[in-house]
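Below, read A as the first sequence line, B as the second, and so on, with proteins coming before strands; counting in each chain starts at 1.
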There are 2 protein chains.
Amino acid sequence: MADIARIAGVSVATVSRALAGSPRVTGETRERIEAAVRDTGYVVNRMARSLRLQQARQVFVMVPNIGNPFHASVLLGAEEAAVAAGFHVLIGNTAGDPARAEEHARQLLTGAVDGMLLLGGRMPEPLKAPALQERLVAVIEPVAAPGVPVVEIDNQAGAREATRHLIGLGHRRIGHIGGSPGTTATPKRFAGYAEALEEAGIEPQPELVRYGVFSIATGAEQMAELLELPEPPTAMFCGSDEIAMGAIRTIKQARLRVPEDISVVGFDNIYFAAVTDPPLTTIDQPARQLGFEAMRLLADRLAGAAAPKRGVTVPYRLVVRASTAPPRR
Amino acid sequence: MADIARIAGVSVATVSRALAGSPRVTGETRERIEAAVRDTGYVVNRMARSLRLQQARQVFVMVPNIGNPFHASVLLGAEEAAVAAGFHVLIGNTAGDPARAEEHARQLLTGAVDGMLLLGGRMPEPLKAPALQERLVAVIEPVAAPGVPVVEIDNQAGAREATRHLIGLGHRRIGHIGGSPGTTATPKRFAGYAEALEEAGIEPQPELVRYGVFSIATGAEQMAELLELPEPPTAMFCGSDEIAMGAIRTIKQARLRVPEDISVVGFDNIYFAAVTDPPLTTIDQPARQLGFEAMRLLADRLAGAAAPKRGVTVPYRLVVRASTAPPRR
DNA sequence: CTGAAAGCGCTAACAG
DNA sequence: CTGTTAGCGCTTTCAG
């Protein structure tokens with residue numbers, strides 16, 4: 001900046017003001033400065049500026065696994081909102097490792113970013129200080145901190161609707177493969193499933209309910225066990241589309257057909273759900289919108305004290321495709 | 001840090017040294033300092049440190065689309081290598097927008113990150129300064145800058161092998177749906193396809209070759225046109241797994257079967273390629289390894305002048321699953 | 001309208 | 001082994 005000042009024949013203070021768009025700089029002076037900037041290819045040093053300003057105009061999104069296409073969509077929505085609010089977005093992958101999450105969390109403590117979006121329900125230890133909580137928003141899963149709002153769908157209602165759809169088709173023997181029991185979504189989805197069964201007067205069968213993680217492998221493995229039951233289910237409500245895809249694979253390998261022999265419902269409606277064979281009936285969780293709303297909420301909170309403290313519930317939607325049908329006989 | 005110094009009864013210099021693990025601090029003094037750090041929850045200000053050190057120990061990965069599962073895997077590998085080299089990873093999504101890419105590029109100019117991994121073959125304008133090129137590495141696609149090494153597979157050889165596989169099965173009428181013509185991978189894959197045809201003495205049929213982008217939609221649309229040909233192909237070599245998935249969907253909708261009526265080969269071997277129906281025969285592009293090697297190369301370059309200037313070619317692998325078979329009659 | 005100078009939090013050279 | 005101090009690049013108050 002000193003160079004620019006010298007070239008333009010002014011002081012660094014004037015350069016700084018010109019670059020910040022201050023109205024207190026003459027048109028002619030400003031032009032000389034801008035010309036110098038162009039000629040030298042100068043860019044302001046973000047770190048020095050942030051150090052001085054004590055704010056970064058950057059936000060951070062902490063993701064447990066970028067490989068998850070559902071998370072990726074959330075990110076896309078979050079970015080859109082951040083750009084709209086004039087924030088730069090940085091993404092950090094934790095790979096489920098708390099140490100990595102804490103490492104990332106430091107970006108906030110240190111002032112490198114102004115706020116954080118927490119994806120995946122994990123609350124890094126260093127972020128628990130009450131003063132920091134107004135710089136945080138959780139998406140999809142709430143985090144264990146009272147002051148952090150969450151943007152999510154009503155998981156229980158979604159699961160209930162998915163199960164009702166199966167019941168409406170005439171199924172009575174309905175299985176469930178849930179994801180990680182450690183998440184809050186998993187018990188909520190189970191609750192919705194159980195609720196739908198109960199309101200239809202169907203006796204819950206504990207042996208039809210399994211858990212694992214949100215993966216194709218879990219779906220495949222758990223489904224294999226269900227098929228070995230003396231009386232296998234005629235329909236499955238799966239805790240995620242990946243689980244559903246694994247379940248479908250196992251069902252086909254057993255030479256049974258979807259949906260003729262067994263109907264399958266997923267959850268999330270990821271990009272690939274439309275091209276499975278058969279295309280998957282699922283609960284659409286509007287990932288992009290979730291990310292967008294969450295980032296907007298974060299930007300609002302960072303902007304002013306008058307910011308909303310409460311979370312947002314975004315609507316889900318049952319998408320009926322071809323993986324569900326009335327039971328066989 | 002001044003606070004810590006006061007509490008521990010030492011100077012800031014000593015605190016700084018203790019935190020940096022300098023051997024020139026007494027055990028007892030160090031303990032007092034560490035206790036103070038623990039008590040106050042103090043963390044060093046990354047920006048101030050970077051400003052002083054003129055380096056950030058951070059690297060940036062520029063991704064055109066995080067929603068792409070293939071890119072996501074590259075990221076995972078890159079992170080692994082970065083963590084091993086003691087770098088912090090920041091990810092930036094460009095959504096294919098050059099303006100966003102330039103915005104991100106500024107992170108390097110400004111010193112917020114020490115180096116950048118460029119995914120997707122785009123070279124942001126501000127990065128073209130020769131001095132910066134030693135801080136850059138491209139992955140998957142080369143960028144238009146001589147000094148920037150690229151880590152990739154041999155796309156042409158991979159495409160040749162995929163096509164040979166089809167020819168070996170007995171196919172002679174083989175179509176190709178390529179991705180974005182703007183990428184360097186697309187013409188290379190076409191070249192490999194053409195080469196395999198030629199060495200088998202098969203006359204190339206221009207009407208069997210189509211282009212679009214790397215998406216399910218492109219695969220579906222272009223395949224629909226190919227099926228309307230008087231004599232449709234008996235096998236397809238697709239420029240990506242997503243394209244292959246789209247093509248398979250169209251084939252099935254036309255009441256034809258894969259692979260009995262038409263064989264399909266993809267490219268990339270994404271996570272979902274194993275669970276399509278039928279599971280996809282494809283060229284495995286080791287995404288994770290590509291990311292890992294690229295980041296390692298970048299770390300090496302940032303570490304010393306003696307760093308390698310040349311790129312790396314990582315081996316691909318033909319994965320034969322169930323979407324290919326000999327032609328019908 | 002512009003300039004001088006202080007200071008954001010840190011590290012490292014230099015002194016002791 | 002520890003302290004003092006200059007300075008990284010920027011913004012902004014206070015003078016002029």
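The side-chain heavy atoms of B/Ile140 and B/Gln285, taken from C-beta on, include a pair separated by under 4.5 Å.
A side chain to side chain contact (heavy atoms under 4.5 Å, CB included) with A/Leu19 is found for one member of A/Val25, A/Thr14, A/Ile4, A/Ile33 and no other, namely A/Ile33.
In this structure, A/Ser50 reaches neither bases nor backbone, as no heavy-atom distance under 4.0 Å exists between it and the strands shown.
A donor and an acceptor atom, one from each side chain of A/Gln58 and B/Gln107, are located under 3.5 Å apart. In the model, A/Thr183 has no side-chain atom that pairs as donor or acceptor with a side-chain atom of A/Ser180 under 3.5 Å.
In this pair, A/Phe60 and A/His104 present their aromatic rings tilted. The plane angle is within the 30 to 60° band.
Which of C/dG3, D/dC1, D/dT4 sits closest to the side chain of B/Ser11 comes down to D/dT4.
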### Query
For nucleotides 7-16 of chain D, read 5' to 3', which letter fits each nucleotide if B means a protein heavy atom sits under 4.0 Å from the base, S means only the sugar-phosphate is that close, and - means neither?
BBBBBBB---
